[in-house]
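Everything below concerns the one structure shown next.
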There are 6 protein chains.
Amino acid sequence: MSEQTQLIPGNSLITKTAEEGRALAIKMARLIIKVTQPDAEAREKMRPTYANDAAMLIAIGQTVATEFATIAKANNYWK
Amino acid sequence: MSEQTQLIPGNSLITKTAEEGRALAIKMARLIIKVTQPDAEAREKMRPTYANDAAMLIAIGQTVATEFATIAKANNYWK
Amino acid sequence: MSEQTQLIPGNSLITKTAEEGRALAIKMARLIIKVTQPDAEAREKMRPTYANDAAMLIAIGQTVATEFATIAKANNYWK
Amino acid sequence: MSEQTQLIPGNSLITKTAEEGRALAIKMARLIIKVTQPDAEAREKMRPTYANDAAMLIAIGQTVATEFATIAKANNYWK
Amino acid sequence: MSEQTQLIPGNSLITKTAEEGRALAIKMARLIIKVTQPDAEAREKMRPTYANDAAMLIAIGQTVATEFATIAKANNYWK
Amino acid sequence: MSEQTQLIPGNSLITKTAEEGRALAIKMARLIIKVTQPDAEAREKMRPTYANDAAMLIAIGQTVATEFATIAKANNYWK
């Protein structure tokens with residue numbers, strides 16, 4: 001059961017609002033990084049690197065945008 | 001409430017015009033960077049870096065294009 | 001009013017031909033760079049850099065391809 | 001027969017849940033790397049490199065997001 | 001008239017076959033580079049660079065894949 | 001005739017199974033590299049480079065994922 005919610009919180013792409021869909025996109029992107037680098041300390045060490053590197057911040061934005069495209073479609077754009 | 005509009009202004013992908021949709025795409029891309037690097041001063045320090053780096057400007061364009069694809073579809077391309 | 005056409009010329013994704021849609025994709029990609037780096041001189045300084053860098057030219061192609069995907073769909077592929 | 005499931009486990013994009021679809025996206029992304037670099041030892045040697053490199057972790061996230069978009073659509077977003 | 005076919009040969013995304021659609025994707029990607037760097041000699045100078053750089057060849061593949069996605073859809077996948 | 005199958009084997013995106021679709025995505029991605037660098041020896045020289053470079057392997061995965069998205073849709077996800 002716990003494994004069923006390791007990658008997608010709530011095991012669903014459906015959210016009540018666009019804002020919540022956006023937050024889900026961020027969370028899903030982070031969870032991929034978590035399963036690829038499961039060591040919390042190692043991840044924490046990388047934080048100052050990417051948080052102060054403009055190129056990486058832009059790349060994070062690109063990944064979130066791609067995740068969000070899927071979530072937005074799943075929710076019919078919250079129309 | 002304020003948290004509900006932290007990532008998507010107005011908590012909606014719907015805009016009146018294509019131009020406004022494009023502006024929303026830029027804003028949404030920037031807000032991802034803001035939540036990843038919440039320190040305003042740190043973000044400000046990076047500005048001259050990316051604003052004068054052709055590769056980063058192109059990458060920003062790529063991210064905005066991806067966000068805009070979602071927004072444009074949500075608005076049925078303002079047809 | 002002038003602000004309404006700062007990001008998308010004509011405030012519309014609809015074009016008469018595929019060729020015009022392609023030109024719009026290029027223009028829209030450039031306008032994102034323009035709003036991110038509003039200083040014309042700074043942009044001009046970067047031109048020889050990206051115009052002679054194969055990797056950047058490819059990246060520009062990627063961004064235009066993404067913008068064009070949206071425009072082509074908006075125009076039902078000019079069929 | 002074994003070759004038929006070398007790239008997509010179960011030879012199908014359909015999964016019971018969103019979580020399983022996400023796991024499939026990760027697996028499919030990894031299998032492309034496996035067929036490109038079939039030497040297990042060589043792949044193992046690269047692990048500490050990408051698992052401790054923020055830029056690569058973000059790029060992995062981008063690839064998984066793209067695979068997931070296809071899988072999610074195939075499953076009609078598990079609605 | 002000549003300007004109408006500067007970016008998309010034949011001013012149309014419709015092709016008879018998938019193979020021709022693929023060729024069009026390559027051509028459209030190249031024409032973006034051509035309008036960004038109009039100097040033929042400068043482009044020719046870059047050829048040995050990208051043709052012998054694995055990372056750039058992969059990036060070219062990414063751009064062509066994105067262009068092709070649009071063309072394939074325009075042609076209803078030649079079904 | 002030979003030219004008709006230079007870029008897409010069989011000149012068709014339709015495959016019997018998802019696995020075959022995935023294999024086609026890999027092949028199509030490779031054929032773009034082949035037409036960009038037609039010298040077989042030059043391509044062979046690059047192989048150890050990208051096969052032992054985590055960043056390039058990830059980038060290959062991204063390109064294949066994009067090609068596969070198109071092929072999967074063409075086949076209505078083999079449902």
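Numbers restart at 1 for each chain; the letters A, B, ... are given by sequence-line order, proteins then strands.
- Checking side-chain atoms of E:Asp53 against main-chain N and O of E:Thr49 turns up no donor-acceptor pair under 3.5 Å.
- At a 4.5 Å heavy-atom cutoff, the contact between E:Ile60 and chain C is made by backbone and side-chain atoms alike.
- Across C:Val64, C:Thr63, C:Asn52, the residue that shares the most heavy-atom pairs under 4.5 angstrom with chain E is C:Asn52.
- Heavy-atom distances place both the backbone and the side chain of C:Ala55 under 4.5 Å from chain E.
- With respect to the salt-bridge test (charged N to carboxylate O, under 4.0 angstrom), the residues C:Arg30 and C:Glu67 do not qualify.
- Among the candidates E:Lys45, E:Arg43, E:Gln62, the residue making the largest number of heavy-atom pairs closer than 4.5 Å to chain C is E:Gln62.
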Subject >> Intermediate values then yes/no, side chain to side chain contact (heavy atoms under 4.5 Å, CB included), E:Met28 and E:Leu13 >> reply: CA-CA 10 Å; E:Met28 281 171 62; E:Leu13 301 178; 3.9 Å; yes
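- Between C:Gln6 and C:Lys34, the closest side-chain pair of non-hydrogen atoms is not below 4.5 Å.
- Residue E:Ala59 touches chain C through both its backbone and its side chain, counting heavy-atom pairs closer than 4.5 Å.
- The backbone N or O of C:Glu19 sits nowhere less than 3.5 Å from a side-chain atom of C:Trp78 that would complete a donor-acceptor pair.
- Heavy atoms closer than 4.5 Å to chain E are found in both the backbone and the side chain of C:Ala23.
- Using a 4.5 Å cut-off between heavy atoms, C:Ile58 contacts chain E through both its backbone and its side chain.
- For C:Glu44 and C:Arg47, the salt-bridge test passes: some basic side-chain N is under 4.0 Å from an acidic carboxylate O.
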